[in-house]
2 protein chains.
Amino acid sequence: MTGVEQIDRQIVRLLARNGRMSYTDLGKETGLSTSAVHQRVRRLEQRGIIKGYTAVLDYEALGLPLTAFVSIKPIDPSQPDDSPELLVDIPEIEACHSVAGDENYILKVRVASPSALEELLARIRAKANVSTRTIVVLSTPYEQRAPAI
Amino acid sequence: MTGVEQIDRQIVRLLARNGRMSYTDLGKETGLSTSAVHQRVRRLEQRGIIKGYTAVLDYEALGLPLTAFVSIKPIDPSQPDDSPELLVDIPEIEACHSVAGDENYILKVRVASPSALEELLARIRAKANVSTRTIVVLSTPYEQRAPAI
DNA sequence: GTTGAAAACCCCCCGAC
DNA sequence: GTCGGGGGGTTTTCAAC
């Protein structure tokens with residue numbers, strides 16, 4: 001994997017801020033022609049540097065007002081931990097990070113209510129044979145900000 | 001805030017999976033005309049349910065291979081905690097969540113190296129007058145998955 | 001709220017530099 | 001790697017149902 005040059009970084013930054021920006025506008029911002037920008041974006045996509053595009057959502061309005069971070073640890077530490085595979089089909093789990101520290105994984109989950117969280121935690125424990133530690137998010141001042149590149 | 005109906009939820013789900021999907025394709029998926037889909041998307045944007053669109057990036061390829069969760073707590077708990085405002089101009093901070101529990105906020109940060117993380121933590125402590133606790137991410141099996149709606 | 005059509009715009013490919 | 005052009009598709013608006 002070779003480096004990503006300055007102009008590509010600018011394109012990436014612009015697309016992180018507005019994933020639907022047109023190639024025409026990207027060209028105006030970067031000083032390149034539409035074709036040149038288009039080709040660069042396609043190469044960024046092919047190289048996997050841009051993995052895709054997504055809508056940024058208001059989860060509260062969508063009926064999932066409760067976010068939490070769930071740290072998990074196997075009940076039986078002698079067994080291999082396949083939690084990511086075991087939990088991948090639980091749609092309430094938005095993200096799964098393997099982490100250093102006392103616990104193996106940190107999950108970010110979104111649910112409709114405290115009771116839905118309770119039920120989800122039971123499901124996670126049962127499926128992956130883990131203990132859970134949960135930190136409830138009260139509010140989110142900011143999220144999904146553009147990268148420092 | 002009124003409810004979001006079924007067809008709107010489907011549109012949101014599709015745009016979460018592919019933020020650049022055309023209105024034509026959205027119409028084919030939902031069984032609506034292009035115009036009807038377009039109008040619904042615009043209303044979802046105006047209502048703030050769709051806050052925007054963003055590119056999903058490979059941070060490793062972009063030179064930010066190290067992700068961490070940084071929990072922060074004021075040195076002086078008697079003072080009001082304005083950490084989000086104090087830290088908002090630090091671009092390495094991708095997200096800031098106010099949380100229940102022993103600490104006040106959880107930050108998600110992306111940096112180039114361990115030494116860059118060390119320097120960032122010093123900057124966070126100095127700017128917000130907080131103590132920090134850091135959990136380093138080793139790998140991310142999945143992230144930014146489509147919501148369970 | 002949905003439809004269908006029309007016009008402007010953009011995407012996308014191609015050849016040339 | 002970048003530029004410019006052209007055909008085809010898409011976005012966007014609008015009147016009508």
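Quick note on labels: first sequence line is chain A, next is B, and so on, each numbered from 1.
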What integer distance in Å separates [X]:[atom1] from [N]:[atom2]?
{"X": "B:Asn18", "N": "D:dT10", "atom1": "CG", "atom2": "P", "answer": "13 Å"}
{"X": "A:Asp25", "N": "D:dT11", "atom1": "CG", "atom2": "P", "answer": "15 Å"}
{"X": "B:His38", "N": "C:dT2", "atom1": "NE2", "atom2": "P", "answer": "14 Å"}
{"X": "B:Ile7", "N": "C:dT3", "atom1": "CD1", "atom2": "C1'", "answer": "15 Å"}
{"X": "A:Arg42", "N": "C:dC11", "atom1": "CZ", "atom2": "P", "answer": "13 Å"}
{"X": "B:Gln39", "N": "C:dG4", "atom1": "CD", "atom2": "C1'", "answer": "14 Å"}
{"X": "A:Asp8", "N": "D:dG1", "atom1": "CG", "atom2": "C1'", "answer": "11 Å"}

Using a cut-off of 4.0 Å on non-hydrogen atoms, how would the nucleic acid contact of B:Ser35 be classed: base, sugar-phosphate, or nothing?
base
Would you indicate what A:Ala36 reaches in the nucleic acid, counting non-hydrogen atoms under 4.0 angstrom: base, sugar-phosphate, or nothing?
sugar-phosphate
As a test of reading the structure: which of [options] is closest to the side chain of [X], going by heavy atoms?
{"X": "B:Arg40", "options": "D:dT13, C:dT3, C:dG1", "answer": "C:dG1"}
{"X": "A:Arg20", "options": "D:dT2, D:dT11, C:dT3", "answer": "D:dT11"}
{"X": "B:Thr24", "options": "D:dT10, C:dC11, C:dC13", "answer": "D:dT10"}
{"X": "A:Tyr23", "options": "D:dT13, C:dG1, C:dC12", "answer": "C:dC12"}
{"X": "A:Ser33", "options": "C:dT2, D:dT13, D:dC3", "answer": "D:dC3"}
{"X": "B:Ser22", "options": "C:dC11, D:dT10, D:dT12", "answer": "D:dT10"}

Find the distance between OG1 (A:Thr134) and CD (A:Glu118) and round it off to the nearest 0.5 Å.
11.0 Å
How many angstroms lie between CD in B:Glu94 and OH in A:Tyr142, if you round to the nearest 0.5 Å?
12.0 Å
Flag, side chain of B:Arg9 to backbone of A:Leu62, donor-acceptor distance under 3.5 Å:
yes
B:Arg20 to A:Tyr23 six-membered ring, cation-pi geometry met (6.0 Å, 45°)
yes
Using the closest heavy atom to pick a nucleotide of DNA chain C for each, name whichever of A:Thr34 or B:Arg43 lands nearer the 5' end.
B:Arg43
DNA chain C: B:Leu32 or A:Lys28, which has the more 5' nearest nucleotide?
B:Leu32
Which atoms form the tightest heavy-atom contact between B:Pro74 and B:Asp81, and what is the distance?
CG-OD2, 3.6 Å
